[in-house]
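Below you'll find the structure, written out as C-alpha cells, and then a few comments.
Here is the naming used below: chain letters follow the sequence lines, and residue numbers restart at 1 for every chain. Any value given below was found using the heavy atoms of this structure, including those in side chains, with hydrogens, waters and symmetry copies removed.
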Amino acid sequence: MTILSIDTSNYTLGVALLEEDQVLGEYITNLKKNHSIRIMPAIQTLMKDCGKTPADLTKIVVAKGPGSYTGVRIGVTIAKTLAWTLNIPLVGISSLEILAAGPGRYFSGYISPIFDARRGQVYTGLYHYKDGSLVAVEQDQLVMLADWVEKLTSSKEPILFVGNDLPIHRAKIEEVLKAKAMFATVTEQNPRPAELALLGRDTPGEDIHTFVPNYIRLAEAEAKWLEAKGKTLNG
Amino acid sequence: MKKDQWILGIETSCDETAVAIIKNGREIAANVVASQIESHKRFGGVVPEIASRHHVEQITIVMEEALDQAGITMAEVDAISVTEGPGLVGALLIGVNAAKALAFAHNKPLVPVHHIAGHIYANRLVTELQFPLLALVVSGGHTELVYMKEHGSFEVIGETRDDAAGEAYDKVARTLNMPYPGGPHIDRLAHEGSPTIDLPRAWLEEGSYDFSFSGLKSAVINTVHNAEQRGETIAPENLAASFQASVIDVLVTKTLNAVAEYGVKQVLVAGGVAANKGLRNALEAAFTGRDVELVIPPLKLCTDNAAMIAAAGSVMFEKGIRADLALNANPGLDIEIYN
Ligand SMILES: [Zn+2]
C-alpha cells in the first residue's frame with residue numbers, strides 16, 4: 001500500500017507518501033507561489049527520493065477544498081487524472097479537516113480550522129476527536145468570523161483555532177471567546193499532507209469521473225443569475 | 001516499416017473540454033469534444049470560473065472516451081500534447097495539469113502547443129501542407145494572417161489592433177438582440193438580406209496586413225441608434241448583410257494582397273469564424289482560377305477541438321519541442337516562440 005496525497009487548496013503546497021504505517025516522505029511549503037508550476041515537480045521529486053514509481057501507487061488522496069478555486073482545481077485535476085489513468089481509488093478530504101487533524105489529535109475540546117476568505121469572512125468548520133477519529137460537529141462553511149465566534153460562545157468546551165490566516169482574526173477571536181479560545185503554535189499552522197493521506201487511508205474510493213472540488217460557494221455569475229431569477233440557494 | 005506515431009491532444013483553453021488522438025500526424029483516431037455552450041448561453045458569454053468548473057467535471061470522462069474511440073492504451077501513445085495558451089488561464093490550467101499528470105504517470109514526452117498553431121494544423125487533417133503557405137486565422141479571440149515557411153514555423157504578418165472578427169460578430173449580434181454566440185445568427189441573417197447600408201472598411205495604412213473592427217462595430221451600433229432616434233426601423237437582415245460584407249471584404253482583400261506579396265502555394269483558413277458561410281463562399285470565389293490552393297476545414301475542425309492540438313503536437317514532437325513538469329498555462333502565449 002502506497003498512498004500519494006496532494007494538497008494545493010491554499011497557499012500551503014503539500015505532497016506526502018504514506019506506506020502502511022509509515023510516512024515515507026512529506027513535502028510542504030507555505031509560499032505565495034504558483035502551484036501549477038511547482039506541484040508536479042514536487043510529486044516527481046518526492047517519489048523519486050522515496051524510490052517509488054507511479055505504478056507503485058495504490059491510492060490518491062486529495063484536498064478537495066474549500067480554498068482558492070484555482071488552487072483546489074489544480075490538485076483535484078492532477079489527482080483525478082492520476083487515479084483514473086493508474087486505475088486506483090481516489091479519495092477527497094476536506095481541506096479544513098486536514099488542518100484540524102494534526103494539532104487537534106491530543107486536544108479534548110473542539111477544533112476550528114480557519115482559512116481567511118476576505119471581507120471579514122472565513123472558511124471554517126468545527127471538529128473534534130471521538131474515539132481516535134476526527135468527526136465534524138459543524139460542516140465546512142463560509143461565514144463571517146464575527147458571527148462564527150459569537151456562535152461559539154455557547155460552547156462548553158475550549159476551542160482550538162488552527163491556520164496560517166489566524167493573525168488576521170486572532171484579536172477578534174480572543175475578544176469574544178476570551179480564555180475559551182486556544183491557538184495552535186506556528187509549527188502546526190500548515191495543513192500536513194501526511195495527515196491528509198492518513199485521513200483518506202481507510203476511506204473507500206469515490207467515483208473518479210464525477211469527483212469535483214467542494215467550492216462551498218457558487219460561481220459569482222451563477223449566484224447573481226439565480227438571484228436575478230428570484231430563486232434561493234436552499235430552494 | 002516505420003512504427004505508427006500516436007499523439008494524444010488536450011484542449012481546454014475556453015469552453016470546450018476536448019481530447020483527441022491522432023495517428024501519424026494526419027489521421028483522426030478519436031476526437032471528443034464536450035461543449036459547455038449551453039451553460040454559458042444564459043450569461044451571454046463565456047464565464048471563466050464556470051468554464052473552469054466544467055473542465056474539472058469533464059476532463060477524465062473525455063480522456064477515457066478518446067482512448068476508447070481510438071482503441072489504444074496509454075502504453076501506445078508516443079507523446080501528450082496540450083494547449084499551453086493563449087486562452088482563459090483557469091481553463092487552460094485544467095488541460096495543462098491533466099496533461100502533466102498523464103505524462104508523469106506513463107513517463108511520456110509532454111509537448112506544449114499554441115492554440116492558434118492548433119487551429120492552423122486542423123488543415124493538415126484535411127490535406128498535406130505545402131510550403132510556403134499563408135493561414136488566415138479568424139476566431140472569437142483572433143484575427144491574424146500567419147506566414148509559414150516550413151512546419152512549426154509561424155510568422156504573424158498581420159493581426160487585429162482592437163477587436164477580433166468574432167468579437168465584432170458577437171457585439172453586433174447583441175445590438176440586434178440575438179442570442180449568444182452571435183456569429184452563426186448574423187451569418188444566417190445576412191443570407192436573407194442584402195448589403196444596402198454603407199459601412200466602413202478599415203484598410204489601415206498602405207501595405208499593412210493588420211485588421212481593425214472596432215470602427216465597423218461602432219458604425220453598426222450608431223446606425224441602429226440613429227434610426228431609432230428618427231423613429232425608423234432598419235431591416236436587420238440588411239444590416240447583418242452589410243456588416244458581414246464589410247468584414248469579408250477586408251479579410252479577403254488583405255489575404256489576396258498577402259498571397260501576391262509572399263508567393264505562397266496554399267492558403268489555409270482556420271478558427272471558429274472559418275465556419276462562416278459568407279466567408280467561405282467569398283474566399284472560394286476569390287481563389288477560383290488562381291494557382292493557389294485554398295483549404296477550409298470542415299466545420300467541426302474549425303471550432304475548438306483537440307484533434308488540431310494533436311496534429312500540431314505531432315509536428316512539434318518531431319521538431320523536438322518538449323515541456324517538463326513545471327509547464328504552466330500561459331494566457332498570453334506568443335505563437336512565434338518556437339521559430
Ligand atoms: Zn480557438
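Across A:Thr210, A:Ile74, A:Thr70, A:Thr53, the residue that shares the most heavy-atom pairs under 4.5 angstrom with chain B is A:Ile74. Per-residue heavy-atom pair counts under 4.5 Å with chain B were compared for A:Leu86, A:Ile78, A:Val212, and the maximum is reached by A:Ile78.
In this structure, the portions of A:Ser36 lying under 4.5 Å from any heavy atom of chain B include both its backbone and its side chain. Within the 4.5 angstrom heavy-atom criterion, only side-chain atoms of B:Phe43, from C-beta onward, approach chain A. When heavy atoms are compared at a cutoff of 4.5 Å, B:Leu327 approaches chain A solely by way of its backbone atoms N, CA, C and O.
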Let me see the working for A:Thr58 and A:Thr2 under side chain to side chain donor-acceptor pair (under 3.5 Å), right down to the final yes or no. CA-CA 5 Å; A:Thr58 57; A:Thr2 305; 5.4 Å; no
Could you please spell out the steps behind the side chain to side chain donor-acceptor pair (under 3.5 Å) verdict for A:Ser95 and A:Glu97? CA-CA 6 Å; A:Ser95 302; A:Glu97 189 176 351; over 6 Å; no
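Remark: A:Arg73 is not positioned above the aromatic ring of A:Tyr215, lacking an NZ or CZ atom under 6.0 angstrom from the ring centre and at most 45 degrees off the axis. Cation-pi geometry between A:Lys32 and A:Tyr11 is met: the NZ or CZ atom falls under 6.0 Å from the ring centre, inside 45° of the normal.
Using a 4.5 Å heavy-atom threshold, the side chains of A:Gln141 and A:Tyr123 count as separate. Within the 4.5 Å cutoff, the side chain of A:Thr45 has no heavy atoms near those of the A:Tyr27 side chain. By the 4.5 Å heavy-atom criterion applied to side chains, A:Asp116 and A:Asn164 are not counted as neighbours.
Interface with chain A: from residues 44-52 of chain B, residues B:Val47, B:Glu49, B:Ile50, B:Ser52 qualify, criterion being any non-hydrogen pair under 4.5 Å. Scanning residues 164-179 of chain B against chain A with a 4.5 Å non-hydrogen threshold yields no residues.
Counted within 6.0 Å of CG on A:Asp207, heavy atoms from surrounding residues, nucleotides or ligands total more than 12; the atom is thus considered enclosed.
For B:His55 and B:Thr17, the side-chain atoms include at least one donor-acceptor pair closer than 3.5 Å.
Taking the six-membered ring where tryptophan is involved, the planes of B:His142 and B:His115 are tilted, since the angle between them lies from 30° to 60°. Between A:His209 and A:Trp84, the angle of the ring planes lies from 30° to 60°, which puts this pair in the tilted group.
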